[in-house]
Amino acid sequence: MKSCVTREAALELLKKYNKEEFHIQHALTVEGVMRWYADDLGFGGDADYWAAVGLLHDIDFEMWPEEHCKKAPELLAAGGVGEDMIRSICSHGYGLCSEIKPEHPMEKALFASDELTGLIGAAALMRPSKSVSDMELKSLKKKYKDKKFAAGCSREVIAQGAEMLGWELDMLLEKTLEAMRSCEEGVAEELKRVMGA
């Protein structure tokens, strides 16, 4: 896999269409999670590519929520992103706003972890530490089972993602929690830098 954009170019592209801190933070989180998954799943050599897909996956969501994954190809292509990466980015909306099915392990990891990062992030905010660093799988599972908690994060999509990867749900929850622990500090620092710029 060849990333057609540098990390700097990808970040500039993201910032062009995303201004809200919430959306930037989500993009940076998914970037970090995807980098972790690349290493975990044996694709460490492609970690930059996986991370760029994570960073840009919601490029059109803030400004064009009704056209999510439909507006993205145009914005990404104009920003110099290659067709292979555009395909991967649009596959995360499979069954919701895209007909592109996740095929590659990277696409499946993005599909599975995207909604879940939102749920884990919301659960972290409820903790005294406001962090995932001390969150245990048991408390995450409790929040996951409570359908009223972070209701916007689709449990159906998360479960479907685990199935795509051939994993038990617990494995997906645990791995994504670990991935978020690995990048939480870096995301917070980068968010300050990006929002201050």
Side-chain angles (χ1 to χ4, degrees), residues 1-18 23-118 154 156-167 171-172 175-176 178-180 182-183 186-187 190 194:
M1 294 179 156
K2 291 271 181 271
S3 177
C4 302
V5 284
T6 62
R7 203 265 168 179
E8 291 72 22
L11 187 59
E12 284 310 308
L13 195 55
L14 175 77
K15 283 161 53 183
K16 188 173 179 180
Y17 304 108
N18 290 267
H23 293 293
I24 303 270
Q25 183 176 13
H26 176 64
L28 293 171
T29 299
V30 178
E31 175 190 30
V33 166
M34 289 300 288
R35 182 174 294 284
W36 184 93
Y37 265 118
D39 288 329
D40 185 66
L41 298 176
F43 294 90
D46 291 327
D48 288 346
Y49 187 98
W50 286 47
V53 167
L55 186 65
L56 293 171
H57 79 287
D58 274 349
I59 189 162
D60 59 0
F61 190 73
E62 185 180 312
M63 292 172 78
W64 298 276
E66 302 302 315
E67 292 179 72
H68 186 36
C69 292
K70 292 179 177 67
K71 185 81 176 166
E74 173 196 328
L75 306 179
L76 293 163
V81 177
E83 277 185 38
D84 53 346
M85 193 179 275
I86 292 172
R87 190 216 119 82
S88 294
I89 287 167
C90 293
S91 75
H92 88 277
Y94 179 66
L96 301 166
C97 53
S98 168
E99 288 169 21
I100 301 167
K101 189 176 183 185
E103 303 285 357
H104 188 278
M106 178 258 296
E107 295 170 347
K108 292 175 183 178
L110 176 63
F111 182 90
S113 62
D114 177 29
E115 295 278 312
L116 184 50
T117 60
S154 169
E156 202 178 299
V157 167
I158 295 167
Q160 193 184 347
E163 200 179 302
M164 264 183 203
L165 287 160
W167 298 348
M171 187 170 170
L172 175 64
K175 279 181 177 284
T176 306
E178 197 180 326
M180 283 182 70
S182 79
C183 66
V187 166
E190 180 74 335
V194 170

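Computed from heavy atoms alone, side chains included, the values below leave out hydrogens, waters and symmetry copies. Nothing fancy with the numbering, it's 1 onward along the sequence. If you're wondering where the values come from, they're calculated on a predicted model, not measured in any experiment.
- Between the side chain of T117 and the main chain of V30, no donor-acceptor pair closer than 3.5 Å is present.
- Counting heavy atoms from C-beta on, the side chains of D40 and K175 come closer than 4.5 Å.
- Under the 4.5 Å side-chain criterion, counting only non-hydrogen atoms from C-beta, E190 is not in contact with E31.
- Atom CZ in F111 sits 12.0 Å away from atom NE2 in H57 (nearest 0.5 Å).
- Partners of F43 according to the ring-ring contact (aromatic ring centres under 6.0 Å, His included) rule, which considers only residues two or more places apart in sequence or in another chain, are W50, H104.
- Applying the salt bridge (Lys or Arg N to Asp or Glu O under 4.0 Å) criterion to E74, with sequence neighbours excluded, gives K71.
- In E163, the CD atom is not crowded: 12 or fewer heavy atoms of neighbouring residues, nucleotides or ligands sit closer than 6.0 Å.
- No side-chain heavy atom of L75 sits under 4.5 Å from any side-chain heavy atom of L13.
- The backbone N or O of P65 lies less than 3.5 Å from no partner atom in the side chain of H68, so there is not a single donor-acceptor pair.
- For the side chain to side chain contact (heavy atoms under 4.5 Å, CB included) with S91, the qualifying choice from I100, I86, V53 is I100, the only one to do so.
- At least one donor-acceptor pair under 3.5 Å links the side chain of K70 to the backbone N or O of C97.
- K16 is not listed as a side-chain neighbour of I59, based on a closest heavy-atom distance of 4.5 Å or more.
- Looking only at distances, a side-chain donor or acceptor of E107 sits under 3.5 Å from a matching main-chain atom of E103.
- Closest approach of L165 to P105, counting heavy atoms only: CD2-O, 4.3 Å.
- Checking side-chain atoms of E62 against main-chain N and O of N18 turns up no donor-acceptor pair under 3.5 Å.
- A pairwise comparison of heavy atoms in M34 and G54 identifies CG-CA, 3.9 Å as the closest pair.
- A donor-acceptor pair is defined here as one N or O able to donate and one able to accept, closer than 3.5 Å; such a pair exists between the side chain of Y49 and the backbone of M85.
- At a threshold of 4.0 Å, the pair E12-K15 counts as salt-bridged, since one of the basic side-chain nitrogens sits closer than that to a carboxylate oxygen.
- Remark: E66 CD to D60 CG distance equals 11.5 Å, nearest 0.5 Å.
- Every side-chain contact (heavy atoms from CB on, under 4.5 Å) that A179 has, sequence neighbours left out, goes to V33, W36.
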